[in-house]
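Okay, structure first, notes after.
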Amino acid sequence: MTISPDHPPGRRGRRRRHTAVAVAATLAVAGAALPGSPALAVNAAHTTVVGTNPVDWTPHALDGTVHRILQIGNRVYVAGTFTKVRNAGQSAQLAMPRLVALDATTGRIDTTFRPQVNGAVKALAAAPDGRSLYIGGAFTTVNGTAASRLARIDAATGARVAGFTTPVLNNQVNDVRLVGNRLIVGGAFQTVGGVTRRALAAVNATTGAADASVNLNLAGPRRTTSGATAPVKVEALDVSADGTRLVFAGGFSSVAGVARHQLAVADLSASGATLSGWATDRYQPQCARTMPVYMRGVDISPDGTWFAVVTTGGPFPGTLCDTAARFEFGTATGGKQPTWANYTGGDTLLSVAVTGAAVYVGGHQRWLDNPQGRNSAGPGAVARPGIGAIHPSTGRALPWNPTKDRGVGTQELYATDSGLWVGSDTVTVAGEYHARLAFLPLP
């Protein structure tokens with residue numbers, strides 16, 4: 001198919017309110033819900049796989065990378081490191097750096113939403129009032145006012161929400177989830193308001209004040225045999241839809257004084273977070289000598305019974321480097337093994353979205369079903385450049401194969417009631433021009 005600036009009209013997915021918005025309606029009184037209430041950042045459940053033909057109306061991010069996508073009502077928020085965007089079918093470039101809103105039905109960029117953020121935006125979560133959202137990343141100001149890597153802004157205008165002020169986080173935020181009136185925050189920070197909180201913390205969702213009930217004492221760092229190290233950090237986290245389980249992945253070797261290598265589960269309650277007995281040692285081995293941390297993404301299934309993890313690290317037999325893997329929650333015991341693992345054969349996976357019908361994975365992979373590949377297509381390998389889908393039960397690649405240019409990789413996969421959003425640093429999906437953003441509708 002010929003690549004063109006805007007491909008011919010394609011199928012348009014039906015639009016319904018996203019799951020997060022329906023849940024938000026039950027938490028409309030800010031501060032009224034306790035931890036254990038439903039989380040507001042869960043990929044929507046699907047009964048079938050999305051189509052392979054992207055809609056024609058999504059706008060284009062003209063530089064940088066799209067790192068996160070979130071839908072609230074009929075607006076879709078797109079965050080990352082880009083500085084310029086343009087509407088589909090138009091040539092005018094709009095200087096709207098790092099965070100934009102667009103109409104979920106037409107794709108048109110909302111030029112009234114104008115937050116000014118001075119650094120990368122890596123995390124988004126809907127606030128319980130349905131009229132604002134939380135943003136996290138590497139920024140230190142929002143709209144010219146100090147905001148240390150975490151802020152709450154108006155969903156219509158991008159203005160700061162009065163009364164929400166967080167303590168200083170001394171490094172980047174990578175991911176956030178709202179549970180009741182707690183905002184759980186993961187990243188590369190080591191202190192919150194000068195108090196040690198390595199990589200995982202919580203703030204009050206209404207005021208932004210530090211919430212000491214999430215204090216799991218992540219420790220490390222992980223080291224490779226070459227001597228490479230990485231600071232303690234959380235690369236990705238997710239919360240079950242009922243708000244009772246937290247899964248987090250990143251650079252640590254112990255949690256709450258107990259061995260946990262790169263992956264851990266915590267139980268959430270009104271009193272806070274406690275380390276679960278769930279444990280696996282499958283991410284203890286070293287991958288590439290330069291990669292002490294190789295976790296990249298995690299997502300819990302819509303029914304809350306299992307989750308999937310994706311990694312980088314290189315092709316190393318007997319490890320879970322460069323794989324997507326499914327784990328069951330089940331009984332909280334140690335020694336957990338994956339239900340299945342799907343190998344790329346030496347290419348990084350960066351993102352994962354579990355919808356029930358599929359486990360979508362993205363990165364700069366060339367293949368799936370490739371356990372014997374060594375930067376090559378081994379026996380049984382199937383081509384799935386940049387994006388693919390795995391059967392939730394068998395762990396084998398589904399026939400779904402829209403194709404995508406690879407680049408650094410697909411950083412974001414986000415499922416709504418209408419389909420699947422894709423965010424990355426590249427410009428081609430299904431042979432068509434979709435700069436850094438695409439939407440694949442349900443049939």
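Residues V142 and I135 are in side-chain contact: their nearest non-hydrogen atoms beyond the backbone lie under 4.5 Å apart. The side-chain heavy atoms of Y77 and I69, taken from C-beta on, include no pair separated by under 4.5 Å. Two residues are said to be in side-chain contact when any heavy atoms from C-beta on lie closer than 4.5 Å; P59 and L437 meet this criterion. Side-chain contact between V179 and I184 is present, with at least one heavy-atom pair separated by less than 4.5 Å. Between R436 and H60 there is no side-chain heavy-atom pair separated by less than 4.5 Å. W57 places none of its side-chain heavy atoms less than 4.5 Å from the side chain of D103. Within the 4.5 Å cutoff, the side chain of L349 has no heavy atoms near those of the D347 side chain. In this structure, the side chains of W421 and T416 come closer than 4.5 Å at one or more pairs of heavy atoms.
Atom OG1 of T83 sits about 3.5 Å away from atom CG of D63, to the nearest 0.5 Å. Separation of atoms NZ (K84) and CD (Q93) is listed at 5.0 Å; rounding is to 0.5 Å. Atom CZ in R222 sits 11.5 Å away from atom OH in Y283 (nearest 0.5 Å). Here OG1 of T274 is found 12.5 Å from CG of N215. Values are rounded to the nearest 0.5 Å. Note that the OG1 atom of T206 and the CG atom of N181 stand 3.5 Å from one another [nearest 0.5 Å]. Rounding to the nearest 0.5 Å gives a distance of 6.5 Å between CZ of F329 and OG of S240.
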Margin query: What verdict does the side chain to side chain contact (heavy atoms under 4.5 Å, CB included) test give for T426 and K404, after you've listed the backbone C-alpha separation in whole Å, the side-chain angles of each residue and the deciding distance to 0.1 Å?
Written below: CA-CA 8 Å; T426 60; K404 182 181 171 297; 2.8 Å; yes
Note to self: Could you walk me through whether L440 and W400 satisfy the side chain to side chain contact (heavy atoms under 4.5 Å, CB included) test, starting with their C-alpha distance in whole Å, then the side-chain angles of each, then the deciding distance to 0.1 Å, before giving a yes or no?
What the structure shows: CA-CA 12 Å; L440 296 156; W400 187 81; 3.7 Å; yes
Note to self: Under the criterion side chain to side chain contact (heavy atoms under 4.5 Å, CB included), I'd like the reasoning laid out for L350 against T312: C-alpha separation, chi angles, the key distance, then a yes or no.
What the structure shows: CA-CA 7 Å; L350 295 168; T312 184; 5.8 Å; no
Checklist line | Stepwise side chain to side chain contact (heavy atoms under 4.5 Å, CB included) check, L200 with L246 | finding: CA-CA 11 Å; L200 186 68; L246 166 68; 4.2 Å; yes
Checklist line | Criterion salt bridge (Lys or Arg N to Asp or Glu O under 4.0 Å) on D425 and R406, from CA distance to verdict | finding: CA-CA 9 Å; D425 63 317; R406 296 168 58 221; over 6 Å; no
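Counting only distance, with no hydrogens or angles, the side chain of K336 and the backbone of T331 share a donor-acceptor pair below 3.5 Å. For the pair D281 (side chain) and Q284 (backbone), a donor-acceptor distance under 3.5 Å is absent. Judged by distance alone, the side chain of H364 and the main-chain N or O of V408 form a donor-acceptor pair under 3.5 Å. Without hydrogens or angle criteria, D405 side chain to V427 main chain gives a donor-acceptor distance under 3.5 Å. Judged by distance alone, the side chain of D175 and the main-chain N or O of L237 form a donor-acceptor pair under 3.5 Å. R182 contributes no side-chain N or O that, together with a main-chain N or O of A202, makes up a donor-acceptor pair within less than 3.5 Å. In this structure a side-chain-to-backbone donor-acceptor pair under 3.5 Å is missing from E412 to Y414. Using modelled atom types, no side-chain atom of N43 and backbone atom of A353 make a donor-acceptor pair closer than 3.5 Å. R114 contributes no side-chain N or O that, together with a main-chain N or O of M96, makes up a donor-acceptor pair within less than 3.5 Å. Judged by distance alone, the side chain of T410 and the main-chain N or O of G362 form no donor-acceptor pair under 3.5 Å.
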Give every donor-acceptor pair under 3.5 Å between a side-chain atom in residues 300-311 and any protein atom, sequence neighbours left out.
| from | atom 1 | to | atom 2 | distance (Å) |
| --- | --- | --- | --- | --- |
| S301 | OG | D303 | OD1 | 2.6 |
| S301 | OG | G304 | N | 3.4 |
| S301 | OG | T305 | N | 3.4 |
| S301 | OG | W306 | N | 3.4 |
| S301 | OG | W306 | O | 3.1 |
| D303 | OD1 | T305 | N | 3.0 |
| D303 | OD1 | T305 | OG1 | 2.9 |
| D303 | OD2 | T305 | OG1 | 3.3 |
| T311 | OG1 | L320 | O | 2.8 |
| T311 | OG1 | D322 | N | 3.0 |
| T311 | OG1 | T323 | N | 3.0 |
| T311 | OG1 | T323 | O | 3.4 |

Sequence neighbours left out, cut at 3.5 Å: what donor-acceptor pairs do the side chains of residues 190-198 make with other protein atoms?
| from | atom 1 | to | atom 2 | distance (Å) |
| --- | --- | --- | --- | --- |
| Q190 | NE2 | A188 | O | 3.1 |
| Q190 | NE2 | V232 | O | 2.7 |

Which atom pairs, one a donor and one an acceptor, fall under 3.5 Å between side chains of residues 247-261 and the rest of the protein, sequence neighbours left out?
| from | atom 1 | to | atom 2 | distance (Å) |
| --- | --- | --- | --- | --- |
| R260 | NE | W278 | O | 3.3 |
| R260 | NH2 | S276 | O | 2.8 |

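Scanning both residues, V352 and V359, for their nearest heavy atoms gives CG2-CG1, 3.7 Å. Summarising the geometry of Q262 relative to Y294, their closest heavy-atom pair is OE1-N, 2.9 Å, with the distance given to 0.1 Å. Contact between V50 and P443 at its shortest, heavy atoms only, is CA-CD, 4.2 Å. In terms of heavy-atom proximity, L178 sits nearest to P128 at CD2-CD, 3.4 Å. When all heavy atoms are compared, the tightest approach of F316 to A288 is CE1-N, 3.5 Å. Counting all heavy atoms, side chain and backbone alike, F113 lies closest to D154 at CE1-O, 3.5 Å.
A side-chain donor-acceptor contact under 3.5 Å links E328 and T339. Between the side chains of R152 and S132, at least one donor-acceptor pair of N or O atoms lies under 3.5 Å. Side chains of R384 and Q365: a donor-acceptor N/O pair is absent below 3.5 angstrom, by distance only. Using modelled atom types, one finds a donor on one side chain and an acceptor on the other under 3.5 Å when comparing S226 with T224.
The ring pair (Phe, Tyr, Trp, His ring centres under 6.0 Å) contacts involving residues 189-217 comprise nothing, where partners must be two or more places apart or lie in separate chains. For residues 115-142, the ring pair (Phe, Tyr, Trp, His ring centres under 6.0 Å) pairs, not counting sequence neighbours, are Y134-F164. The side-chain hydrogen bond (donor to acceptor under 3.5 Å, both in side chains) pairs that include a residue from residues 115-128 are N118-T140, N118-T141, where partners are two or more places apart or lie in different chains.
A salt bridge links D238 to R177: at least one charged side-chain nitrogen sits closer than 4.0 Å to a carboxylate oxygen.
Evaluated for a side-chain contact (heavy atoms from CB on, under 4.5 Å) with L102, the options T58, V78, D110, V85 yield exactly one hit, V78.
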